Amino acid sequence: MTTAGDIMHRGAQWIPAHETLDRAAQLMRELNVGALPISDEDERLCGILTDRDIVIGCVAMGHDPAKVTAGEMAKGTPRWIDADADVGDVLREMRDHQIRRLPVIENKRLVGMISEADLAQHLTEDQIADFAHGVYARTTTG
């Protein structure tokens with residue numbers, strides 16, 4: 001059985017909720033990533049901050065990234081997966097919630113992140129196709 005821990009990118013780091021977006025952008029550059037999990041004061045997941053969030057939700061709105069915190073950008077209920085979870089559970093979680101990055105938790109601690117690139121390296125073509133269809137397919141109404 002392939003697990004989340006088998007396919008994740010190790011070494012993921014939190015950005016504390018009180019840190020500013022300019023610091024988050026610097027950390028993203030240092031780590032060469034496009035997203036950071038946001039942690040509260042108890043080091044629990046309270047959101048995920050993306051480079052796009054900083055640009056669209058802060059800079060493009062005329063706000064100063066040196067004054068807006070990562071916690072202010074955290075929205076919704078953060079999704080995560082246990083390191084021992086089966087890859088099928090990973091795909092379901094990402095597909096059902098239409099997310100492209102998934103924090104991996106072990107013993108209540110962040111141990112890694114799973115991104116689309118991680119999926120592409122470890123999954124079969126059929127699994128990737130199913131994931132892509134679930135995340136990117138437009139739903140029609142009416």
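Side-chain atoms are counted along with the backbone in the values below, which use heavy atoms only and exclude waters and symmetry mates. Everything numeric here is computed off the predicted structure, so don't read it as measured data.
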What pair of heavy atoms forms the shortest contact from [X] to [Y], and how long is it?
| X | Y | result |
| --- | --- | --- |
| A17 | I38 | CA-CG2, 3.7 Å |
| P78 | C46 | CG-C, 3.8 Å |
| P16 | A70 | O-CB, 4.0 Å |
| G47 | A74 | CA-CB, 4.2 Å |
| H63 | P65 | O-CD, 3.4 Å |
| I54 | A24 | CD1-CB, 4.3 Å |

Is L36 close to M28 at the side-chain level, that is, under 4.5 Å between some pair of heavy atoms?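 Yes; the side chains approach each other to less than 4.5 Å.
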Do [X] and [Y] sit in one hydrophobic cluster, given that two such residues count as connected whenever their side-chain heavy atoms are within less than 4.5 Å of each other, even indirectly?
| X | Y | answer |
| --- | --- | --- |
| L102 | L110 | no |
| M94 | V104 | yes |
| V87 | I128 | yes |
| L45 | I99 | no |
| M113 | I15 | no |

Set out, in order, the CA-CA distance, both residues' side-chain angles and the distance that settles side chain to side chain contact (heavy atoms under 4.5 Å, CB included) for L27 and Q13, then state yes or no. CA-CA 9 Å; L27 187 56; Q13 291 186 25; 3.9 Å; yes
Looking at D42, I'd like to know if its CG atom is crowded, meaning that more than 12 non-hydrogen atoms belonging to other residues, nucleotides or ligands lie closer than 6.0 Å.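 Yes, because the 6.0 Å sphere around CG of D42 holds more than 12 heavy atoms from other groups.
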Evaluate whether atom CE of M1 has more than 12 neighbouring non-hydrogen atoms of other residues, nucleotides or ligands under 6.0 angstrom away.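 Correct, the count exceeds 12.
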Main chain of T124, side chain of Q127: is a donor-acceptor contact present, judged purely on distance under 3.5 Å?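 It does hold such a pair.
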So, D96 side chain and E93 main chain: donor-acceptor pair closer than 3.5 Å or not?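 No: the side chain of D96 does not pair with the backbone of E93.
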Mind running side chain to side chain contact (heavy atoms under 4.5 Å, CB included) on D6 and H122 for me, showing each step along the way? CA-CA 9 Å; D6 296 330; H122 294 93; over 6 Å; no
[atom2] on [Y] to [atom1] on [X], rounded to 0.5 Å:
| X | Y | atom1 | atom2 | value |
| --- | --- | --- | --- | --- |
| I7 | L123 | CD1 | CG | 5.5 Å |
| I48 | R79 | CD1 | CZ | 10.5 Å |
| M73 | C58 | CE | SG | 6.5 Å |
| R92 | F131 | CZ | CZ | 13.5 Å |
| L49 | L21 | CG | CG | 6.0 Å |
| I105 | M8 | CD1 | CE | 10.0 Å |

What verdict does the side chain to side chain contact (heavy atoms under 4.5 Å, CB included) test give for T69 and E19, after you've listed the backbone C-alpha separation in whole Å, the side-chain angles of each residue and the deciding distance to 0.1 Å? CA-CA 5 Å; T69 67; E19 286 286 353; over 6 Å; no
Before you tell me yes or no, could you show the steps for L119 and L91 under side chain to side chain contact (heavy atoms under 4.5 Å, CB included), namely the whole-Å CA-CA distance, both residues' side-chain angles and the distance that decides it to 0.1 Å? CA-CA 9 Å; L119 297 177; L91 291 172; 4.1 Å; yes
Does the side chain of D22 pick up a donor-acceptor pair with the side chain of T20 at under 3.5 Å?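 Checked: D22/T20 side chains pair up, N/O donor to acceptor below 3.5 Å.
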Remaining members of the apolar cluster that contains V55, side-chain heavy atoms under 4.5 Å: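 I56, which link up through side-chain heavy atoms under 4.5 Å apart, make up the rest of the cluster.
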Pairs in or reaching into residues 23-41: which pass salt bridge (Lys or Arg N to Asp or Glu O under 4.0 Å), with residues at least two apart or in two chains?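 As it turns out, the salt bridge (Lys or Arg N to Asp or Glu O under 4.0 Å) pairs with a partner in residues 23-41, which skip direct neighbours, are R23-E30.
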